[in-house]
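Computed over heavy atoms, backbone and side chain alike; hydrogens, waters and symmetry mates excluded. All values reported here derive from a predicted model rather than from experimental measurement. Per chain, numbering begins at 1; letters A, B, ... match sequence-line order.
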2 protein chains.
Amino acid sequence: MRIGDVAARSGVSVRSLRYYEEQGLLQSARSASGQRLYAEEAVDRVQLIQMLYAAGLPSRRIQELLPCVETGVSTEHTRTLLLAERERIDRQMSELALARGKLDEIIGIAFDYSQPCAASRIDQVA
Amino acid sequence: MRIGDVAARSGVSVRSLRYYEEQGLLQSARSASGQRLYAEEAVDRVQLIQMLYAAGLPSRRIQELLPCVETGVSTEHTRTLLLAERERIDRQMSELALARGKLDEIIGIAFDYSQPCAASRIDQVA
DNA sequence: CTTGCCCCTGACACCGATGTGAGCTTTTAG
DNA sequence: CTAAAAGCTCACATCGGTGTCAGGGGCAAG
């Protein structure tokens, strides 16, 4: 599989795939002419990487954790990182929940709960 | 109240407070000599700004939403933004939850659930 | 007066993932 | 065979909130 295929199938830009390789997150074989060749699993791995990026892990963390994720082999270090990241994610979720609550409050006022025809107005907007 | 006081009381750097002003998120009066003077409410506003930043809203969005947040006055535009931001936050929380689940799974393997003394090992690390 | 601390403006640096463009080679389709 | 499409490397740009430094005022206490 060539890089364009992986890009298409994983929904990630070619540029990003090269970047992942540069960061040591994704390996590729090379054809005689130097083109990157990927195994099927590459797509899954890219999606895993995306998931972790979305959760706020920087490349370096992902790189440290990938061996553990793939093989299940863990060290003291990776275990510590895993717990730390989970905690960070928990904190981030709390912050999001807090802000979401505030937004809800504001939305409640903006769409004016107290008015009898609030529902219909919401419908107009939504 | 001078800028240093606001910084101390809100836990935000002086640099950031000036930046917020530059972005139209925070007003200040000026003393004769040009020093910024803040009202008490400034501290709360700064904390609100921080909350929204933490939720991933960029300055521009916050700036658009602040009037609405403060006065409760909403326009078609602000209502649209409010709903869109709430939805974005919901998506982001889902992504976090997904990644958290994955981490949990990995943690489960890393700390080896199947081993009888798993609990004590977790204690050692945590 | 002077020392020390706070404030001012303006400007540049940073990080990290991704976009973009140049210049060149390889592969593929017609 | 040829032209389009896709790959390659290298390198510079972007965004946004914040750090930091320089060079200069302001103000209170000793």
Side-chain angles (χ1 to χ4, degrees), chain A residues 1-39 42-43 45-66 81 85 88 92 95-96 99, chain B residues 1-39 42-43 45-66 85 88-89 92 95-96 99:
Chain A
M1 209 171 18
R2 292 191 304 169
I3 198 170
D5 304 316
V6 179
R9 291 174 52 180
S10 61
V12 167
S13 74
V14 166
R15 172 67 172 93
S16 294
L17 294 178
R18 297 205 188 101
Y19 177 73
Y20 299 165
E21 180 167 326
E22 189 181 311
Q23 299 301 307
L25 308 183
L26 184 63
Q27 347 300 334
S28 67
R30 295 297 182 116
S31 75
S33 64
Q35 299 203 346
R36 291 174 177 80
L37 298 178
Y38 297 89
V43 175
R45 171 169 281 223
V46 169
Q47 276 159 358
L48 173 63
I49 292 171
Q50 286 281 294
M51 173 189 293
L52 296 177
Y53 273 148
L57 282 79
S59 296
R60 170 146 174 71
R61 277 283 166 280
I62 299 178
Q63 194 256 331
E64 290 173 298
L65 291 178
L66 267 182
L81 288 183
E85 288 301 334
R88 196 188 49 70
Q92 199 175 334
E95 288 181 343
L96 282 180
Chain B
M1 209 168 23
R2 291 190 304 170
I3 197 169
D5 304 316
V6 179
R9 290 174 52 182
S10 61
V12 168
S13 74
V14 166
R15 172 69 173 91
S16 294
L17 294 178
R18 297 204 186 102
Y19 178 74
Y20 299 166
E21 180 167 326
E22 189 181 312
Q23 299 301 306
L25 308 182
L26 183 63
Q27 345 302 331
S28 67
R30 294 299 181 113
S31 75
S33 65
Q35 298 201 348
R36 291 174 177 81
L37 298 178
Y38 297 90
V43 175
R45 172 171 280 225
V46 168
Q47 277 159 357
L48 173 63
I49 293 171
Q50 286 281 294
M51 172 189 294
L52 296 177
Y53 272 147
L57 282 79
S59 296
R60 170 147 175 71
R61 277 284 167 279
I62 300 179
Q63 194 255 330
E64 291 173 298
L65 290 177
L66 268 182
E85 287 301 333
R88 196 188 48 70
I89 289 175
Q92 201 175 333
E95 288 181 344
L96 282 179

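Look at A/E22 and A/R18 and you find no salt bridge, because none of the NZ, NE, NH1 or NH2 atoms lies under 4.0 Å from a carboxylate O.
Within residues 9-17 of chain B, the residues approaching DNA chain C are B/R15, by heavy-atom distance under 4.0 Å.
The footprint of chain B on DNA chain C, defined by a heavy-atom cutoff below 4.0 Å, extends from C/dC7 to C/dA11.
Going from atom CD1 of A/I49 over to atom CG of A/L57 covers 11.5 Å, rounded to the nearest 0.5 Å. Here A/Y38 contributes atom OH and A/L26 contributes atom CG; the two are 5.5 Å apart, rounded to the nearest 0.5 Å.
Between the P atom of D/dA6 and the CD atom of A/Q35 lies a distance of 12 Å, rounded to the nearest Å. As rounded to whole Å, 16 Å separates atom P of D/dC15 from atom OH of B/Y53. Atom-to-atom, CZ of A/R18 to P of D/dA11 comes out at 15 Å; the value is rounded to the nearest Å. Distance, B/L37 CG to D/dC27 C1': 14 Å, rounded to whole Å. A straight line from CD of A/E22 to C1' of D/dA11 spans 11 Å, rounded to a whole angstrom. Put simply, CD1 on A/I3 is 10 Å from C1' on D/dA6, counting in whole angstrom units.
With no hydrogens or angles considered, a side-chain donor-acceptor pair links A/E21 and A/S28 at under 3.5 Å. A/S59 and A/Y53 are linked by a side-chain donor-acceptor pair at a separation below 3.5 angstrom, with hydrogens and angles left out of the test.
In the helix from C/dC1-D/dG30 to C/dG30-D/dC1, the rotation axis of the first five pairs and that of the last five pairs differ in direction by 10°, rounded to 10 degrees.
At the heavy-atom level, B/R30 lies under 4.0 Å from the strands shown only through sugar-phosphate atoms. Looking at heavy-atom distances under 4.0 Å, B/S31 makes no contact with the nucleic acid at all.
Mapping B/S33 and A/R36 onto DNA chain D by nearest heavy atom places A/R36 at the nucleotide closer to the 5' end.
Dashed line: the shortest gap from a side-chain N or O of B/Q50 to OP1 or OP2 of D/dT18 is under 4.0 Å. Checking the phosphate oxygens (OP1, OP2) of D/dT18, no side-chain nitrogen or oxygen of B/Y19 falls inside 4.0 Å.
Residues B/Q23 and B/Q63 form no side-chain contact, since every pair of their non-hydrogen atoms from C-beta on lies 4.5 Å or further apart.
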